[in-house]
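One structure is given below, encoded as structure tokens.
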Amino acid sequence: MIYKAVIFDLDGTLVNSIEDLADAMNKVLTSNNYPTHSYDAYKYFVGSGIRSLVIKALPENQRDDAQINSCFEAMVSIYSKECINKTKPYAGIIDLLNQLKARNLKLSVLSNKADVLTKKITLALFPDYFEPILGLKLEAHKKPNPVVVLDMCKKLNIQPEEAMYVGDTAIDMQTANNANMLAVGVPWGFRDKKELIENGAKHILNHPLDLIALL
């Protein structure tokens with residue numbers, strides 16, 4: 001197979017964003033006199049969008065709709081201002097992107113993070129690499145639903161099997177397989193190899209540049 005495009009997840013794949021996410025949510029929790037969580041705990045709260053993160057971070061007896069909505073709005077307000085305070089590309093990512101760009105591959109981003117935040121972070125840290133850059137607009141279209149990534153393939157004028165989808169969670173691997181793309185897992189993010197393999201990863205990268213060999 002000759003691959004024409006590489007589509008990346010954002011958080012835990014291209015960038016380590018866990019500290020900014022955790023710091024913002026912990027501010028919300030503190031303001032409500034709720035217990036906060038460690039950075040490691042937040043690695044298991046992410047992957048399904050900020051609303052899902054908020055629900056998981058709240059105490060179990062405080063997860064009514066009104067409280068979820070209030071804390072979600074507060075979280076988005078804080079995080080949108082502080083989303084690139086500590087967030088940085090993983091080592092080797094820029095080198096990988098430069099090599100992929102030199103090979104004229106089409107590069108895109110698809111995240112379950114809110115669309116406006118996905119664009120803000122990606123354009124701030126990776127200008128001139130990705131088109132399109134898409135985050136979550138409709139809850140019903142959230143990964144692992146493949147509808148958005150399949151539409152992305154149409155816009156890129158490629159068949160799904162001509163694309164790799166690279167991510168760090170079970171949801172990413174499920175998305176790739178649901179779309180008939182090559183599922184490529186990365187263990188430097190928020191989950192481990194076991195989760196990736198159990199959810200259909202066809203390849204595991206130990207370093208970003210390992211992706212070149214798959215081409």
Side-chain angles (χ1 to χ4, degrees), residues 1-22 39-40 42-44 46-47 83-113 117-135 143-144 149 152-153 156 158 160-177 179 181-215:
M1 174 59 66
I2 296 176
Y3 293 100
K4 298 180 179 179
V6 185
I7 302 172
F8 292 90
D9 173 51
L10 180 61
D11 301 272
T13 302
L14 293 172
V15 300
N16 187 349
S17 55
I18 204 69
E19 293 185 11
D20 282 335
L21 285 162
Y39 290 147
D40 282 342
Y42 276 98
K43 291 180 180 180
Y44 293 89
V46 299
C83 61
I84 51 175
N85 283 2
K86 300 178 182 177
T87 296
K88 297 289 186 293
Y90 286 103
I93 289 294
I94 297 296
D95 287 343
L96 171 63
L97 296 178
N98 286 332
Q99 290 202 32
L100 295 175
K101 192 173 182 180
R103 291 168 179 251
N104 294 315
L105 272 84
K106 299 176 180 181
L107 305 178
S108 301
V109 170
L110 176 63
S111 174
N112 271 344
K113 187 191 290 290
L117 294 172
T118 298
K119 288 178 167 64
K120 179 176 181 178
I121 293 169
T122 305
L123 291 172
L125 298 179
F126 307 105
D128 304 320
Y129 284 104
F130 298 107
E131 177 62 37
I133 300 164
L134 297 176
K143 297 182 298 182
V149 79
M152 184 181 285
C153 288
L156 293 171
I158 61 168
E161 58 268 23
E162 295 175 318
M164 300 178 182
Y165 189 83
V166 183
D168 70 306
T169 69
I171 287 172
D172 296 319
M173 300 304 95
Q174 293 163 11
T175 303
N177 285 296
M181 296 177 175
L182 184 70
V184 180
V186 304
W188 57 74
F190 303 151
R191 307 293 168 78
D192 58 22
K193 290 183 181 180
K194 181 173 182 290
E195 175 176 318
L196 296 167
I197 292 168
E198 287 177 349
N199 285 276
K202 300 301 189 294
H203 298 276
I204 301 290
L205 308 180
N206 292 311
H207 184 277
L209 291 178
D210 292 345
L211 183 64
I212 301 301
L214 301 182
L215 300 172

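As a basis for the values below, the full set of heavy atoms in this structure was taken, side chains included, without hydrogen atoms, waters or symmetry mates. Values in this document were obtained by computation on a predicted structure and should not be read as measured data.
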> What residues, two or more places apart in sequence or in another chain, satisfy salt bridge (charged side-chain N to carboxylate O under 4.0 Å, His left out) together with K106?
Replying inline: none
>> Counting only heavy atoms not in K202 (residues, nucleotides, ligands), do more than 12 fall under 6.0 Å from its NZ?
In response: yes
>> Name the residue from I7, I133, L10, T118 that meets the side-chain contact (heavy atoms from CB on, under 4.5 Å) definition with L110.
In response: I7
>> Using side-chain contact (heavy atoms from CB on, under 4.5 Å), reason through K113 and I121 one step at a time and then give a plain yes or no.
In response: CA-CA 10 Å; K113 187 191 290 290; I121 293 169; 3.7 Å; yes
>> If I compare all heavy atoms of M173 with all of G167, which pair ends up nearest, and what's the gap?
In response: CE-O, 3.6 Å
> Side chains of D172 and T169: do they bring a donor and an acceptor to under 3.5 Å?
Replying inline: yes
> Parallel under 30°, tilted from 30 to 60°, perpendicular over 60°: which one fits the rings of W188 and Y90?
Replying inline: tilted
> For the atom pair CD (E161) and CE (M181), what is the distance rounded to the nearest 0.5 Å?
Replying inline: 9.5 Å
> Do L21 and Y42 pass the side-chain contact (heavy atoms from CB on, under 4.5 Å) test, and can you show the C-alpha distance, the side-chain angles, and the key distance before you say yes or no?
Replying inline: CA-CA 8 Å; L21 285 162; Y42 276 98; 5.6 Å; no
>> Using a 3.5 Å distance criterion without hydrogens, assess whether the side chain of N199 forms a donor-acceptor pair with backbone atoms of Q174.
In response: no
>> With rounding to the nearest 0.5 angstrom, report the CZ to OH distance, F8 to Y129.
In response: 11.0 Å
> In terms of side-chain heavy atoms, does K86 have a donor or acceptor partner in N16 at a distance below 3.5 Å?
Replying inline: no
> Stepwise, does the side-chain contact (heavy atoms from CB on, under 4.5 Å) test hold for L215 with M164?
Replying inline: CA-CA 10 Å; L215 300 172; M164 300 178 182; 3.6 Å; yes
>> Which heavy atom of A201 sits nearest to which heavy atom of G185, and what is that distance?
In response: CB-N, 4.3 Å
> Distance-only, no hydrogens or angles: does the S108 side chain make a donor-acceptor pair with backbone N or O of E131 under 3.5 Å?
Replying inline: yes
> What are the two closest heavy atoms between S111 and D11, and how far apart are they?
Replying inline: OG-OD2, 3.8 Å
> Of all heavy-atom pairs between D20 and C83, which one has the smallest distance, and what is that distance?
Replying inline: OD2-O, 3.1 Å
> In this structure, which one of L211, N206, D168, L14 forms a side-chain contact (heavy atoms from CB on, under 4.5 Å) with V186?
Replying inline: D168
> In Å, rounded to the nearest 0.5 Å, how long is the span from OH of Y165 to CE of M152?
Replying inline: 8.0 Å
> Would you say the side-chain atoms of R103 pair up with the backbone N or O of K4, donor to acceptor, closer than 3.5 Å?
Replying inline: no
> Could you state the interatomic distance from CD1 (I171) to CG (D9), rounded to the nearest 0.5 Å?
Replying inline: 9.5 Å
>> Please report the interatomic distance NZ(K43) to CZ(R191), rounded to the nearest 0.5 Å.
In response: 10.5 Å
> Can you name the closest pair of heavy atoms from A91 and H207 and give their distance?
Replying inline: O-NE2, 4.5 Å
> Under 3.5 Å, side chain of N98 to main-chain N/O of D95, donor-acceptor pair present?
Replying inline: no
> Can you tell me how far the CG atom of L97 sits from the CG atom of L105, to the nearest 0.5 Å?
Replying inline: 11.0 Å
> G47 and N112: which non-hydrogen atoms are nearest, and at how many Å?
Replying inline: O-ND2, 3.0 Å
> Ignoring hydrogens and geometry, is there a side-chain-to-backbone donor-acceptor pair from K101 to D128 under 3.5 Å?
Replying inline: yes
